[in-house]
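Before any comments, here is the structure.
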Amino acid sequence: MSILRTAAVLEYEINEALKPFDLTMTQYNVLRILRGAEPHGLCGREVGERLITPVPDMPRLLDRMTEAGLVARKRDPEDRRHVTARITPRGLRLLDEVQPDLEVIERRRTRPLGADEIQDLMKHLDAVRSGT
């Protein structure tokens, strides 16, 4: 329960920091995933598989982000079922704008921990997620 409570506190604070940018945490996560997939991009299914929290309607989320100019999608001419999503320059700029605010949250929340303790925490959380 402690992990869930901590996640809820962080999620709330991050969502509040993203509101002025008209961005949700899920949209932020999509942008980070697509930035990491450059220059090739990913199909919607691949983006969905990498999300922190799965969404029930990935195509609709990508539609909204495309309409906002944050994501560009291109249909494969040889296989019309395959659509590749890529982050746009506007999406990249938005990530750059948001980053300082999120770093402030990270520094404030991890201030009581030293660098070694943060590394240990990350290692332990990885172990919890993987079940090892």
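What you are looking at is a predicted structure, and each value in this text was computed from that prediction instead of being measured. Throughout, residue positions are numbered sequentially from 1 according to the sequence presented.
If you chain together ILVMFWY residues whose side-chain heavy atoms come under 4.5 Å of each other, I52 ends up in a group of its own. When hydrophobic residues (I, L, V, M, F, W, Y) are linked wherever their side-chain heavy atoms come within less than 4.5 Å, the members clustered with I3 are L113, I118, L121, M122, L125, V128.
Evaluation of the side-chain hydrogen bond (donor to acceptor under 3.5 Å, both in side chains) rule for T6 yields no partner, not counting sequence neighbours. With sequence neighbours excluded, the residues that form a salt bridge (Lys or Arg N to Asp or Glu O under 4.0 Å) with D57 are R60. In this structure, the side chain to side chain contact (heavy atoms under 4.5 Å, CB included) partners of L4, at least two apart in sequence or on a different chain, are M1. Evaluation of the salt bridge (Lys or Arg N to Asp or Glu O under 4.0 Å) rule for R73 yields D63 as partners, not counting sequence neighbours. By the side-chain hydrogen bond (donor to acceptor under 3.5 Å, both in side chains) test, R129 pairs with D126, sequence neighbours left out. Applying the side-chain hydrogen bond (donor to acceptor under 3.5 Å, both in side chains) rule to T84 yields the partners H82; only residues at least two apart in sequence or on another chain are considered.
Taking both residues in full, the closest heavy atoms of V71 and A85 are given as CG1-CB, 4.0 Å, listed atom of the first, atom of the second, then distance.
The local environment of CZ in F21 is crowded, with over 12 non-hydrogen atoms from other residues, nucleotides or ligands closer than 6.0 Å. The environment of R32 atom CZ is sparse: at most 12 non-hydrogen atoms of other residues, nucleotides or ligands sit within 6.0 angstrom.
In terms of hydrophobic clustering, with Ile, Leu, Val, Met, Phe, Trp and Tyr side chains grouped at heavy-atom distances under 4.5 Å, L62 and M25 are assigned to a common cluster.
Residue pairs meeting the side-chain hydrogen bond (donor to acceptor under 3.5 Å, both in side chains) criterion with at least one member in residues 111-124: none, sequence neighbours excluded. The salt bridge (charged side-chain N to carboxylate O under 4.0 Å, His left out) pairs that include a residue from residues 18-31 are E16-K19, where partners are two or more places apart or lie in different chains.
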Cut-off 3.5 Å, no hydrogens considered: what does the side-chain donor-acceptor table look like for residues 87-107, sequence neighbours left out?
unit_1: T88; atom_1: OG1; unit_2: G69; atom_2: O; d: 2.5
unit_1: T88; atom_1: OG1; unit_2: L70; atom_2: O; d: 3.1
unit_1: T88; atom_1: OG1; unit_2: R90; atom_2: N; d: 3.4
unit_1: T88; atom_1: OG1; unit_2: G91; atom_2: N; d: 3.1
unit_1: R90; atom_1: NH1; unit_2: A68; atom_2: O; d: 2.4
unit_1: Q99; atom_1: OE1; unit_2: Y28; atom_2: OH; d: 3.3
unit_1: Q99; atom_1: NE2; unit_2: E103; atom_2: OE2; d: 3.4

Side-chain donor-acceptor contacts of residues 36-50 below 3.5 Å, not counting sequence neighbours, with atom names and distances?
unit_1: R45; atom_1: NH1; unit_2: E49; atom_2: OE2; d: 3.1
unit_1: E46; atom_1: OE1; unit_2: C43; atom_2: N; d: 2.8

Between L61 and Q27, is the side chain to side chain contact (heavy atoms under 4.5 Å, CB included) condition met? List the steps.
CA-CA 8 Å; L61 174 61; Q27 291 169 326; 3.8 Å; yes

Kindly indicate, with the supporting measurements, whether the criterion side chain to side chain contact (heavy atoms under 4.5 Å, CB included) is fulfilled by L18 and T24.
CA-CA 6 Å; L18 293 173; T24 67; 6.0 Å; no

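Checking side-chain atoms of N29 against main-chain N and O of L51 turns up no donor-acceptor pair under 3.5 Å.
Put simply, CZ on R109 and CG on L10 are 6.0 Å apart, with the number rounded to the nearest 0.5 Å.
V30 is listed as a side-chain neighbour of M65, based on a closest heavy-atom distance under 4.5 Å.
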